[in-house]
Amino acid sequence: MITFQEKVWQATAMIPKGQVNTYGLIARAIKKPLASRAVGQALHCNPHWPQVPCHRVVRGTGEVGGFAGGSKKKIALLRQEGIEIDNERLVNLKDYLYSFDNRRIRLL
DNA sequence: ACGGTGACGCTCA
DNA sequence: TTGAGCGCCACCG
């Protein structure tokens, strides 16, 4: 059966290069709207790099959030994908946020 | 079964 | 704008 974290990884894998998503939105996408924190835990243990681009998941506030290899590394990766980071810590969600469409979510 | 632990998010001073 | 406080939840010992 598909576990919670597997759903998290699947959802994360859908995020296109050059775009980002948030822990909270992923939680909603997999029908666990209050599990944003658990989503972070799942990504922390992500065993599918780079299939599951966990660096594209940031905080709802726009702050990059944590990263197993250090937030510096996370920022560098996002920049490589063309995402601008303000003040070395903020992502403009208005420009780079990716929205899951209902059709895909159903597959989870 | 139970309690501790975060890559979170929201509220309020 | 910041920081403290607190609720949430899956995972692990």
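Numbered from 1 within each chain, the chains take letters A, B, ... in sequence-line order.
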Can you give me the N/O atom pairs linking the protein to nucleotides 10-13 of chain B at distances under 3.5 Å, or say none if there are none?
none

Inset, instruction - Provide the closest heavy-atom pair for A:Ser36 versus A:Ala27 in the form atom of the first, atom of the second, distance. - result: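 Looking at all heavy atoms of both residues, the shortest contact is N-CB, 3.7 Å.
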Inset, instruction - Could you tell me which non-hydrogen atom of A:Tyr23 sits nearest to which non-hydrogen atom of A:Arg59, and how far apart they are? - result: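 Smallest interatomic distance, heavy atoms only, reads CE1-N, 3.8 Å.
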Looking only at atom types and distance, does a side-chain atom of [X] sit under 3.5 Å from a main-chain N or O of [Y], one as donor and one as acceptor?
X       : Y       : value
A:Lys73 : A:Phe67 : no
A:Asn46 : A:His48 : yes
A:Asn21 : A:Ile15 : no

Whole angstrom is fine here: how far is it from [atom1] in [X] over to [atom2] in [N]?
X       : N      : atom1 : atom2 : answer
A:Tyr23 : C:dC9  : OH    : P     : 19 Å
A:Ile26 : B:dA7  : CD1   : C1'   : 11 Å
A:Glu63 : B:dC8  : CD    : C1'   : 11 Å
A:Ile2  : C:dA10 : CD1   : P     : 16 Å
A:Met1  : C:dA10 : CE    : P     : 11 Å

Legend entry - Nucleotide nearest A:His44 (side chain, heavy atoms from C-beta), chosen from B:dA7, C:dA10, B:dC8: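 Selected nucleotide: B:dA7.
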Legend entry - Candidate nucleotides B:dA7, B:dG9, C:dC9, ranked by approach to the side chain of A:Phe67 - the nearest: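 Among the listed nucleotides, the one closest to the side chain of A:Phe67 is B:dA7.
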Inset, instruction - Hey, could you give me the CH2/NE2 distance between A:Trp49 and A:His55, rounded to the nearest 0.5 Å? - result: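 The CH2 atom of A:Trp49 sits 5.0 Å away from the NE2 atom of A:His55.
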Inset, instruction - Output the distance between atom CD1 (A:Ile26) and atom NZ (A:Lys7), rounded to the nearest 0.5 Å. - result: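 Reported value, rounded in 0.5 Å steps: 14.0 Å.
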Inset, instruction - Decide yes or no, distance alone: a donor-acceptor N/O pair under 3.5 angstrom between the base of C:dG7 and the side-chain of A:Arg37. - result: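 Pair found.
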Inset, instruction - Describe the nucleic acid contact of A:Leu34 in one word from base, sugar-phosphate, nothing, applying a heavy-atom distance below 4.0 Å. - result: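 Sugar-phosphate, no base atom in range.
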Inset, instruction - Tell me what A:Ala68 touches on the nucleic acid: a base, only sugar-phosphate, or nothing, going by heavy atoms under 4.0 Å. - result: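 If one applies the 4.0 Å heavy-atom cut-off, A:Ala68 turns out to touch a base.
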Inset, instruction - Kindly state which residues belonging to residues 75-96 of chain A come within less than 4.0 angstrom of DNA chain B, counting heavy atoms of the residue only, listed by number. - result: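 Going residue by residue through residues 75-96 of chain A, none turns out to have a heavy atom under 4.0 Å of DNA chain B.
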Inset, instruction - Determine, stepwise, if the pair A:Arg28 / A:Leu25 fulfils side-chain contact (heavy atoms from CB on, under 4.5 Å). - result: CA-CA 5 Å; A:Arg28 286 202 287 174; A:Leu25 289 176; 2.7 Å; yes
Inset, instruction - May I have the step-by-step check of side-chain contact (heavy atoms from CB on, under 4.5 Å) for A:Arg79 and A:Ile85, ending in yes or no? - result: CA-CA 7 Å; A:Arg79 285 225 169 98; A:Ile85 311 285; 3.6 Å; yes
Inset, instruction - Report the C-alpha separation of A:Glu63 and A:Thr61 in whole Å, then their side-chain angles, then the decisive distance to 0.1 Å, and conclude whether the side-chain hydrogen bond (donor to acceptor under 3.5 Å, both in side chains) test is met. - result: CA-CA 6 Å; A:Glu63 293 167 287; A:Thr61 57; 2.8 Å; yes
Is there any protein nitrogen or oxygen under 3.5 Å from a nitrogen or oxygen in nucleotides 11-13 of chain C, and what are the pairs?
residue : atom : partner : partner atom : Å
C:dC11  : OP1  : A:Gln5  : NE2          : 3.2
C:dC11  : O4'  : A:Gln41 : OE1          : 2.9
C:dC11  : O4'  : A:Gln41 : NE2          : 3.2

Legend entry - Derivation and outcome, side-chain contact (heavy atoms from CB on, under 4.5 Å), residues A:Arg56 and A:Lys17: CA-CA 8 Å; A:Arg56 293 182 193 146; A:Lys17 178 184 178 187; 3.4 Å; yes
